[in-house]
Every structure is written in structure tokens, then in C-alpha cells.
Amino acid sequence: ESGSGKSTTLDEVVRPIFGCGTPVSAADLTEASLRFGIGSSNSIPFVIEEYKQAKLNKENINSICNALRNNYDQTMARKCSTSNSIIEKPLRAPIILVGESQPSETAIRERCLQVLFSKAALEENPEYNESLTILRQRPSLLHKLGRSLLQAALRMDPEKLRNIHEEWMSLLVERQE
């Protein structure tokens, strides 16, 4: 929904926490820019903004949907080098897709965490705007939070991380049954 705070939340909360670069407009994406953005990191999100299916051409929609699917499946991007050898690059950066619509493919939607914004929620819950105002006034807190999350992730024992992942996956499977 237009005017519900998506871009403001992205710019003033999400990007400072995760250290994301400038968002890329969905209409301006190319296959190469998608591969580069998603293949450049395994922790810093790649942000695609202004996803409006009605205003995008079929090629852009397919590229974005393929990127979401390939990212989830951890597909390797392949390209030919100047020496005619194949270079493989993992596509692992988290993707943040911001817009007024969502991919129509059910499999993609089921694999995403969706955050829905609405003007009605903002009007019914004035504390949302109050919280955003507090965060805007203290941007260093968001940077510190992001740094703390990154430091905690880097210090985590791989075996402990694997156990946490398996535990959460089993909970998700139980809930779907």
C-alpha cells in the first residue's frame, strides 16, 4: 500500500541495522546486477525496491522470481571467464523485496518472510510512529544493534548454529502438519 511506511522503514531502520547499500529499483534490474548483488555477500541483504508487478515488464518479473527461487535453493551462478573456463559463484545474500505487490508464485511466497504495511495499522497504532520517531532520533543505536548481531553471528560455533537450525526446521515442519 502506498504511503504505509515501507521505504521509510527500509531507509531508517533496516538498512542501518544490516549495512545495506542503496536499493535497486525493480524496473532497473538486469540479470548481471542481480547475480552481482546476490553473489557479493552471504550476510548483507540485497535490496530491491519498487516491486509493482503491474508496472514491470515480464522479463524483470521473471528475473526477480528466478533470483528469489535460486537464492532459496542456493543455486550457483555460472559464467564464462575470458579464458573460457566456467566460474561458479554462490547466490546467498538475503534478498529484501519491497513494493506494493508480491510475486504471484505460491512457492516463492511460502519461502519468504512477508512484512505487510498498511496505513490503517499506522492509524490504529500510533505507537508504531512513535517508535519510528525514537529510532530516527537515535540512528547510532541501530548501527550498534547491527554490529552486535554480526559479532554474535561471527562468534557462534558452527555446530551450535546447525543445532539451532535443525530445531527450528523441525518446529516449522510440525506446524505445517
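Counting begins at 1 with the first residue of the sequence. Values below: all heavy atoms of this structure, side chains included; hydrogens, waters and symmetry mates excluded.
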- Task: List in chain and number order the residues that pass salt bridge (Lys or Arg N to Asp or Glu O under 4.0 Å) with R35, two or more places apart in sequence or in another chain; answer none if no residue qualifies.
- Result: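 For R35, no residue satisfies salt bridge (Lys or Arg N to Asp or Glu O under 4.0 Å) once neighbours in sequence are set aside.
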- Query: Just wondering, more than 12 heavy atoms not from Y128 lying within 6.0 Å of its OH?
  - Reply: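 Counting other residues, nucleotides and ligands, OH of Y128 stays at 12 neighbours or fewer.
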I want to check something: taking the side chain as every heavy atom from C-beta on, are [X] and [Y] in contact at a cut-off of under 4.5 Å?
X    : Y    : answer
Y51  : L56  : yes
P45  : C20  : yes
V24  : V47  : no
Q114 : L116 : yes
P23  : L10  : yes
L135 : E12  : no

- Task: Sorted by first residue and then second, give each salt bridge (Lys or Arg N to Asp or Glu O under 4.0 Å) pair with at least one member in residues 54-77; sequence neighbours left out.
- Result: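 Sorted pair list: R69-E105, D73-R111.
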- Which pairs with one or both residues in residues 38-50 pass salt bridge (Lys or Arg N to Asp or Glu O under 4.0 Å), sequence neighbours excluded?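 Salt bridge (Lys or Arg N to Asp or Glu O under 4.0 Å) check on residues 38-50 returns E50-K52.
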Check the hydrophobic clustering (I, L, V, M, F, W, Y; side-chain heavy atoms under 4.5 Å; chains of links allowed) and say if [X] and [Y] are grouped together.
X   : Y    : result
F46 : F18  : no
I96 : I17  : yes
I44 : L142 : no

Measuring from atom [atom1] of [X] to atom [atom2] of [Y], what distance do you get when rounded to the nearest 0.5 angstrom?
X    : Y    : atom1 : atom2 : answer
S118 : E123 : OG    : CD    : 8.5 Å
Q102 : Q53  : CD    : CD    : 8.5 Å
T82  : I87  : OG1   : CD1   : 7.5 Å

Using every non-hydrogen atom in the two residues, find where [X] and [Y] come nearest and quote the distance to one decimal.
X   : Y   : result
I95 : A67 : CD1-O, 3.9 Å
I64 : L34 : N-CD1, 4.2 Å
A93 : G37 : CB-O, 3.9 Å

- Query: Are E159 and R162 close enough, and set up right, to give a side chain to side chain contact (heavy atoms under 4.5 Å, CB included), and what steps lead you there?
  - Reply: CA-CA 5 Å; E159 188 60 34; R162 207 174 346 274; 3.4 Å; yes
